[in-house]
Amino acid sequence: MKPLVFLWMLFAGVSAFAAGEATIKYKIIITPSSTSAGGYSCSLEAMQDTLFWQKNDLITWIFPDGQYLQSEDTIGGGAAISQVVTWKPFKSPVYKDSIFAYVARKGKPGNPARVAVLATDFSITRSASEPEKFSFPAGIKWQLNRSWDFSPNNETLLIFSYDPQGCSDKSRSDFTPGTVNINFDPKQIIMLDTISFGKEQVDISVPNSPQISQLSSEPYYRHVFFKVKLQPTVQLGDKIDINLNTENYCGNSFESTYSYIVAADPHDPNWKVVDIDTIDANGPAVVLNYTIQYHNNGAAPVNKIDVDDRFPAQIDPSTFAFTSMPIKGSQSSVPTFPESDHLHIEFGNMNLPGLNQHSPSSYGYDQTIFRFSFKVLTKPNLNITFPNNATITFYDSAGDPMMPIITDPATVYTQSPQQKCPRCCCGLFCWIRKWCHRRK
């Protein structure tokens, strides 16, 4: 393909993918790396005092050679330059105008801002023969990740990643790794756009079941990006299931279901939510399902994590039971009650990677989070609103506890049946009331 045609197609794809997104006043700064590893140092500069960096701000970089990197500010405090990531382009030609980034601010509602203003002007050339290593689960050569959490009425990037290196028959001239189908409930998710930097063919003619075909047989991994948005009727605590299945991928067919819980904001990495947020006053006992999520933003894996939860007086601790305990690594979980209302859970052997960890490979946001759910019964005849939060403690490599993280409260409201809040006007008034309450 001629360079000018390639440039037009590449820029058109990126422009279409980014159309309609809110932009914000940051500048992209790209400079040749001063390290022996080569590549380019990529960072963002805040152009307004009110936008200076805060701890846990999340940046998602998407590069025109198909790589993506994520980093998270671990310090905060107002510095104008963001956490630096190192990008090693491995395909030519590479155009700096096709680099863009998203900023998801911790605990802020709305769509994460897209950054598209370059502060530097120089040519970018290929600096590596293959992309930097990206982590795949043991024995699996494909996966689905998100750029940040699902949250009500907001956009998220779904990222399908695959690596054909493990295909035993890839040397055949007629080799094709098959097709991939991504299925979700159209009542929950709206498909907005897609982008691929390779030869993949992406069909979104069926809005709730995009299909990827013509997967590359090149000897390195690739990513395909989907921009989606939650339907207005999806609310905090709702469950989202996304099914991913492959047809004749590397000579086999596989299927996985990825389950998520809708969070309050696109990026508030350690949180607790409840599936029922309003119950009838003076009514019978109700089963509540709480979900707790925690996230490692560090530069190294975490092995030990403790979760402490003080139940309010309106909950019966004796009814506690796990409802979801996904397996990640070889963790062990030991729930105990040091006091009648105090739930304590120890997670060991987690090997939970960090988002700022890039050795021996880099990781996506979904790969650095862990969540679990449990159910409890309320006591009957309640007529008072009751919040409940959790305390999450990470331990460093020496086994010493780090500063505890306290989640925002998951609040359950009580009201008479005549005052029930319907999902009219997208539940706007109810959402504002609860958003304000949890930030008091």
Side-chain angles (χ1 to χ4, degrees), residues 109 149-153 185 187-188 230-241 259-265 268 270-293 307-325 335-345 371-392 406-440:
D149 282 316
F150 286 118
S151 60
N153 209 30
D185 186 349
K187 295 179 181 178
Q188 293 183 315
L230 291 190
Q231 293 277 17
T233 52
V234 178
Q235 294 191 346
L236 177 66
D238 285 355
K239 183 181 178 184
I240 302 287
D241 286 332
S259 296
Y260 305 100
I261 300 296
V262 178
D265 300 311
D268 195 355
N270 303 286
W271 48 255
K272 180 177 184 178
V273 298
V274 62
D275 65 335
I276 299 175
D277 55 24
T278 305
I279 62 175
D280 291 345
N282 302 309
V286 175
V287 177
L288 300 178
N289 200 72
Y290 286 98
T291 299
I292 296 175
Q293 173 177 295
V307 176
D308 290 273
D309 196 334
R310 286 271 185 182
F311 290 149
Q314 292 77 19
I315 287 177
D316 181 359
S318 67
T319 61
F320 167 87
F322 283 122
T323 56
S324 174
M325 183 61 68
T336 60
F337 281 88
E339 300 174 39
S340 61
D341 63 344
H342 177 193
L343 170 66
H344 177 78
I345 309 176
R371 62 181 171 272
F372 65 94
S373 301
F374 63 86
K375 65 180 179 180
V376 288
L377 274 171
T378 67
K379 295 176 181 177
N381 304 313
L382 299 178
N383 56 13
I384 185 173
T385 294
F386 54 96
N388 181 214
N389 53 23
T391 300
I392 302 167
I406 301 176
T407 69
D408 283 330
T411 302
V412 178
Y413 301 85
T414 57
Q415 59 187 8
S416 68
Q418 292 78 19
Q419 295 176 320
K420 283 186 177 178
C421 181
R423 292 193 177 188
C424 56
C425 299
C426 306
L428 182 60
F429 175 79
C430 307
W431 181 84
I432 292 176
R433 172 177 60 123
K434 294 163 190 171
W435 184 84
C436 292
H437 181 277
R438 73 187 187 90
R439 281 167 169 74
K440 284 183 178 179

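Along the sequence shown, the residues carry numbers beginning at 1.
Here the closest non-hydrogen pair linking F150 and I240 is CE1-CG2, 4.1 Å. Contact detail for N389 and D408: the closest heavy-atom pair is CB-O, 3.9 Å. Summarising the geometry of V262 relative to L236, their closest heavy-atom pair is O-CD1, 3.4 Å, with the distance given to 0.1 Å. Among all heavy-atom pairs drawn from P387 and P312, the shortest one is O-CG, 3.7 Å. Closest approach of V234 to K187, counting heavy atoms only: CG2-O, 4.2 Å.
A donor-acceptor pair under 3.5 Å is absent between the side-chain atoms of D268 and the main chain of D265, judged by distance alone. Listed for the T414 side chain is no donor-acceptor partner under 3.5 Å among the backbone atoms of D280. In this structure a side-chain-to-backbone donor-acceptor pair under 3.5 Å is missing from Q231 to P152. Judged by distance alone, with hydrogens and angles left aside, the side-chain atoms of D149 form no donor-acceptor pair with the main-chain N or O of S151 at under 3.5 Å. A donor-acceptor pair under 3.5 Å is absent between the side-chain atoms of N383 and the main chain of A281, judged by distance alone. In this structure, the side chain of T319 engages the main chain of L377 through a donor-acceptor pair within 3.5 Å. A donor-acceptor contact shorter than 3.5 Å is absent between the side chain of T378 and the backbone of A285.
The aromatic rings of F374 and F311 are tilted relative to each other, their planes meeting at an angle between 30° and 60°.
Residues F322 and S373 are not in side-chain contact: their nearest non-hydrogen atoms beyond the backbone lie 4.5 Å or more apart. Side-chain contact between I276 and V412 is absent, with no heavy-atom pair separated by less than 4.5 Å. Side-chain atoms of F372 and V307, non-hydrogen and from C-beta on, do get closer than 4.5 Å to each other. The shortest distance between side-chain heavy atoms of Y413 and I279 does not fall below 4.5 Å. Looking only at side-chain heavy atoms (C-beta outward), T278 and Q415 come within less than 4.5 Å of each other. With a 4.5 Å cut-off on side-chain heavy atoms, I315 and F386 count as touching. With a 4.5 Å cut-off on side-chain heavy atoms, T411 and T385 count as touching.
One finds the OG1 atom of T391 at 4.5 Å from the CD1 atom of I406 (value rounded to the nearest 0.5 Å). Rounding to the nearest 0.5 Å gives a distance of 7.5 Å between OG of S324 and CD1 of I261. Here the CZ-OG1 distance, from R371 to T291, works out to 8.0 Å after rounding to the nearest 0.5 Å. We find the CG-CD distance between L382 and Q314 to be 6.0 Å, quoted to the nearest 0.5 Å. Atom CG of residue N289 and atom NZ of residue K239 lie 9.5 Å apart, to the nearest 0.5 angstrom. Going from atom CZ of F320 over to atom CD1 of I345 covers 4.5 Å, rounded to the nearest 0.5 Å.
Within a 6.0 Å radius of CD1 in I384, no more than 12 heavy atoms belonging to other residues, nucleotides or ligands are found.
There is a side-chain donor-acceptor pair under 3.5 Å between S259 and D241.
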Intermediate values then yes/no, side-chain contact (heavy atoms from CB on, under 4.5 Å), Y290 and D275: CA-CA 7 Å; Y290 286 98; D275 65 335; over 6 Å; no
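Shown here are the salt bridge (charged side-chain N to carboxylate O under 4.0 Å, His left out) partners of D341, two or more places apart in sequence or in another chain: R310. Evaluation of the side chain to side chain donor-acceptor pair (under 3.5 Å) rule for N388 yields K272, D309 as partners, not counting sequence neighbours.
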